[in-house]
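Notes follow the structure.
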Amino acid sequence: MSRLEQVLILDPSSDLRFRGPFTDVVTANLKLKNPSDRRVCFKVKTTAPRRYCVRPNSGVIDPGSTVTVSVMLQPFEYDPNEKSKHKFMVQSILVPAGASDLEALWKDARPDDLMDSKLRCVFEMPSDNEKTIETEAAVNVSSGARATDDTEMKKLMEECKRLQTELGRLLDENHQLKDEGLRMRKVNQLDSSVSRSSAVMQSKEPSSRSLPSLLVVIAAIFIGFFLGKFVL
C-alpha cells in the first residue's frame, strides 16, 4: 500500500534558502498550512541538527490554520565551493477524534499513516551590487537616524533653555515675595508697638482724670469738718 500524500501545504515547498553573510544567525521561515477538516500533528527533522535551531519543531495544526516554523542557521565559515547537503523533512499525521496523547500517537503510528515532505537547504551570498545597495540603505538609515537625533537634540536644548528661563523667573518671584514678607512683618511690628503705646496711654488717662475728683472730695470733707466746728 502506498503512503499517504502530504496533507499540509508547505511554503516554500522544496527549498529552504538562507541568505548570507553567515557570521550571524540566519533565519528562514517555513509556513505549514492545514487545508483539511482534521487536526494534523507535525514534526520537523533535519540531517544536521547541530547546525540548526527549529522553533517550533513539532505541534498540532487545527483545520484551516497555518503555523510558521522558524529555522535558524547557526553562524559558520561559508565556502562558496562547498555545496550544502543539509536537508529537512516535515512529517505529519492525522489526529484521530478524541486523541490527546500525541507522543503515543507518533509511537503507535503505522508507516502507512505517516506523510512527509522533504526540503533541501540552499545557501546564498549577496552579489556585489546587492551589497552596495544594502550598504547605501544602511547608510541612509543611519543618516536618517542621525538627523532624527539632531532634531531631538535641538528640541531638548530649547526645552532646557525654556526651563532655565522659567526657573529664573520663579526665583525672582520668590525673592520678591520674601522682601514683601519682611516689609509686611516690619509694618505689623510697628503697628503692634503703636497699639501697645496707645493702650498704655489710655490706661494712664483715667488715673490722671480721677486725681482732681479725689482732691475735690477730700477738700469737701475738710470744709465740711471746719464748718461743722464753727457752727457748733
Side-chain angles (χ1 to χ4, degrees), residues 1-96 99 101-142 145:
M1 185 177 178
S2 61
R3 300 186 68 171
L4 294 174
E5 185 180 354
Q6 176 65 270
V7 67
L8 297 176
I9 299 175
L10 278 63
D11 181 20
S13 59
S14 59
D15 297 336
L16 273 178
R17 296 185 174 275
F18 298 89
R19 191 173 180 80
F22 301 101
T23 54
D24 202 352
V25 174
V26 180
T27 302
N29 290 326
L30 172 64
K31 293 183 179 180
L32 306 177
K33 183 178 181 180
N34 177 13
S36 71
D37 58 355
R38 300 268 303 274
R39 297 173 73 208
V40 177
C41 194
F42 75 92
K43 279 186 177 181
V44 181
K45 299 180 178 181
T46 178
T47 57
R50 294 184 179 180
R51 298 285 296 275
Y52 299 90
C53 182
V54 182
R55 293 290 182 273
N57 59 2
S58 63
V60 177
I61 307 176
D62 292 329
S65 298
T66 300
V67 169
T68 299
V69 177
S70 296
V71 182
M72 290 162 277
L73 173 63
Q74 303 305 305
F76 72 102
E77 236 179 89
Y78 175 70
D79 184 359
N81 298 319
E82 182 183 353
K83 292 186 177 180
S84 172
K85 296 179 181 179
H86 302 164
K87 290 181 175 61
F88 276 83
M89 182 173 68
V90 178
Q91 275 190 331
S92 60
I93 186 172
L94 295 172
V95 181
D101 190 348
L102 301 182
E103 290 298 328
L105 177 65
W106 284 107
K107 184 177 180 181
D108 299 337
R110 297 174 303 171
D112 294 338
D113 295 332
L114 297 175
M115 299 168 281
D116 60 59
S117 300
K118 294 179 181 179
L119 303 95
R120 67 190 184 96
C121 297
V122 179
F123 299 155
E124 299 176 336
M125 287 293 289
S127 64
D128 292 338
N129 289 337
E130 289 173 328
K131 287 180 181 178
T132 303
I133 292 172
E134 289 177 358
T135 302
E136 290 177 352
V139 169
N140 290 335
V141 169
S142 178

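Counting from 1, the numbers follow the sequence of the chain as shown.
For the ring pair (Phe, Tyr, Trp, His ring centres under 6.0 Å) condition, the pairs that include at least one residue of residues 63-85, sequence neighbours left out, are F22-F76, F22-Y78, F76-F123. Counting only residues at least two apart or in different chains, salt bridge (charged side-chain N to carboxylate O under 4.0 Å, His left out) contacts with residues 39-55 comprise R39-D62.
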Dump the intermediate steps for side-chain contact (heavy atoms from CB on, under 4.5 Å) on V95 and C41, then the final yes or no. CA-CA 6 Å; V95 181; C41 194; 3.8 Å; yes
Working note: M89 + T47, criterion side-chain contact (heavy atoms from CB on, under 4.5 Å); need CA distance, chi angles, decisive distance, verdict. CA-CA 9 Å; M89 182 173 68; T47 57; over 6 Å; no
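Here the shortest heavy-atom pairing between Q91 and L114 reads NE2-CD1, 4.1 Å. For L8 against V40, the heavy-atom pair with the smallest separation is CD2-CG1, 3.9 Å. Of all non-hydrogen atoms in F42 and L32, the two that sit nearest each other are CD1-CD1, 3.7 Å. Taking all atoms of both residues into account, the shortest heavy-atom contact from P21 to P126 is N-CD, 4.4 Å. Between V69 and P56, the shortest heavy-atom distance links the atoms CG1-O, 3.4 Å. Nearest heavy-atom pair across L119 and P12 is CD2-O, 3.4 Å.
Looking at residues two or more places apart in sequence or on another chain, you find a ring-ring contact (aromatic ring centres under 6.0 Å, His included) between Y52 and F18, H86, F88.
In this structure, S117 contributes its side chain and V90 its backbone to no donor-acceptor pair below 3.5 Å.
For the pair R17 and D15, the salt-bridge criterion is met [side-chain N within less than 4.0 Å of a carboxylate O].
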